[in-house]
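Worksheet for the structure shown next.
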Amino acid sequence: EVQLLESGGGLVQPGGSLRLSCAASGFAFVNDGMSWVRQSPGKGLEWVAFISGRGDRTNYADSVKGRFTISKDNFKYTVDLQMSSLRADDTAVYYCAKTYDYVSGGYSDAWGQGTLVTVSS
Amino acid sequence: DIVMTQSPATLSVSPGETVTLSCRASQAIRADVAWYKQRPGQAPRLLVYAASSNVMGIPARFRGSGSGSDFTLTITSLQSDDFAVYFCQQYNRWPLTFGGGTKVEIK
């Protein structure tokens with residue numbers, strides 16, 4: 001059974017940094033891409049970042065490019081999202097998602113339960 | 001970026017009825033569309049990929065269709081667990097984008 005467990009969320013001040021982590025199990029982690037997708041309170045879904053199975057390709061939403069960095073550890077079965085220069089509009093539940101990699105894009109067939117990030121002074 | 005527009009925003013229906021959810025892409029995206037269901041307080045769940053392929057375990061009551069720029073998700077014989085928000089997503093090109101969602105609520 002695929003399991004994804006996010007951690008690292010919390011309250012952070014504007015301009016601050018936070019690192020989210022997602023622990024994966026139940027599938028061949030090195031073969032699958034991973035994404036972070038966020039959802040602001042009461043809003044829709046926004047894809048944030050993607051990393052390929054081997055970690056050699058990444059893609060970012062324009063809204064986070066240059067501020068967020070996604071990384072993958074195929075030995076520890078973890079995928080992280082380093083977030084810096086956080087703004088109020090980064091406040092959201094952040095989901096880790098296993099993502100089929102079609103090079104030009106992909107869909108997510110397994111999701112974690114999410115971790116809440118609140119950016120506020 | 002490819003904009004995904006879902007309609008209507010809300011559908012009020014009774015259990016046992018059939019609903020059709022629409023999703024339109026701002027440009028042609030072949031059949032590179034996925035549909036997700038999200039219940040309150042839960043993570044999204046993948047229902048359909050490649051516009052019309054059901055994920056294993058998703059009943060045939062959920063039927064996706066379309067290609068190019070117009071897509072639909074039809075749900076027949078609505079059950080209590082089907083009342084949720086449904087999102088479409090394109091994966092034809094980066095950045096991945098989602099529609100704003102359609103809420104299917106009990107009438």
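Chain A is the first sequence line, chain B the second, and so forth, proteins listed ahead of strands; every chain is numbered from 1.
Looking only at side-chain heavy atoms (C-beta outward), A:Ser104 and B:Tyr91 stay at 4.5 Å or farther from each other. In this structure, the side chains of B:Trp94 and A:Trp47 come closer than 4.5 Å at one or more pairs of heavy atoms.
Cluster membership for B:Val13 and B:Ile106, using ILVMFWY side-chain heavy atoms within less than 4.5 angstrom, is shared. Residues A:Leu5 and A:Leu81 do not share a hydrophobic cluster, defined by chaining ILVMFWY side chains whose heavy atoms lie under 4.5 Å apart. With hydrophobic clusters built from ILVMFWY side chains whose heavy atoms lie under 4.5 angstrom apart, A:Leu18 does not share a cluster with A:Leu11. If you chain together hydrophobic residues whose side chains sit under 4.5 Å apart, A:Leu20 and A:Tyr77 fall into the same group. When hydrophobic clusters are built by joining Ile, Leu, Val, Met, Phe, Trp and Tyr residues whose side-chain heavy atoms come closer than 4.5 Å, directly or via intermediates, A:Val64 is grouped together with A:Trp36.
When heavy atoms are compared at a cutoff of 4.5 Å, A:Tyr107 approaches chain B by way of both its backbone and its side chain. Contact annotation for A:Tyr100: neither backbone nor side-chain heavy atoms come within less than 4.5 Å of a heavy atom of chain B. Only the side chain of A:Asn59 comes within less than 4.5 Å of a heavy atom of chain B; its backbone N, CA, C and O stay farther away. Residue contact with chain B, scored on non-hydrogen atoms closer than 4.5 Å, involves the side chain of A:Val37 exclusively.
Sparse packing is recorded around CZ of B:Arg24, with 12 or fewer heavy atoms of other residues, nucleotides or ligands lying under 6.0 Å away.
By a heavy-atom distance cut of under 4.5 Å, B:Phe87 are the residues of residues 78-88 of chain B near chain A, going up by number. Interface with chain A: from residues 34-71 of chain B, residues B:Ala34, B:Tyr36, B:Gln38, B:Gly41, B:Gln42, B:Ala43, B:Pro44, B:Leu46, B:Tyr49 qualify, criterion being any non-hydrogen pair under 4.5 Å.
Listed by first then second residue, pairs satisfying side-chain hydrogen bond (donor to acceptor under 3.5 Å, both in side chains) with a partner in residues 19-34 of chain A read A:Arg19-A:Asp80, A:Arg19-A:Gln82, A:Ser21-A:Asp80, not counting sequence neighbours. Legend: side-chain hydrogen bond (donor to acceptor under 3.5 Å, both in side chains) pairs involving residues 7-19 of chain B, not counting sequence neighbours, sorted by first then second residue: B:Ser12-B:Glu105.
No donor-acceptor pair closer than 3.5 Å links the side chain of A:Glu46 to the backbone N or O of B:Thr97.
Contact tally against chain B (heavy-atom pairs below 4.5 Å) for A:Gly44, A:Ser35, A:Gly106: the top residue is A:Gly106.
The structure places CG of B:Asn92 at 12.5 Å from OH of A:Tyr102, a figure rounded to the nearest 0.5 Å.
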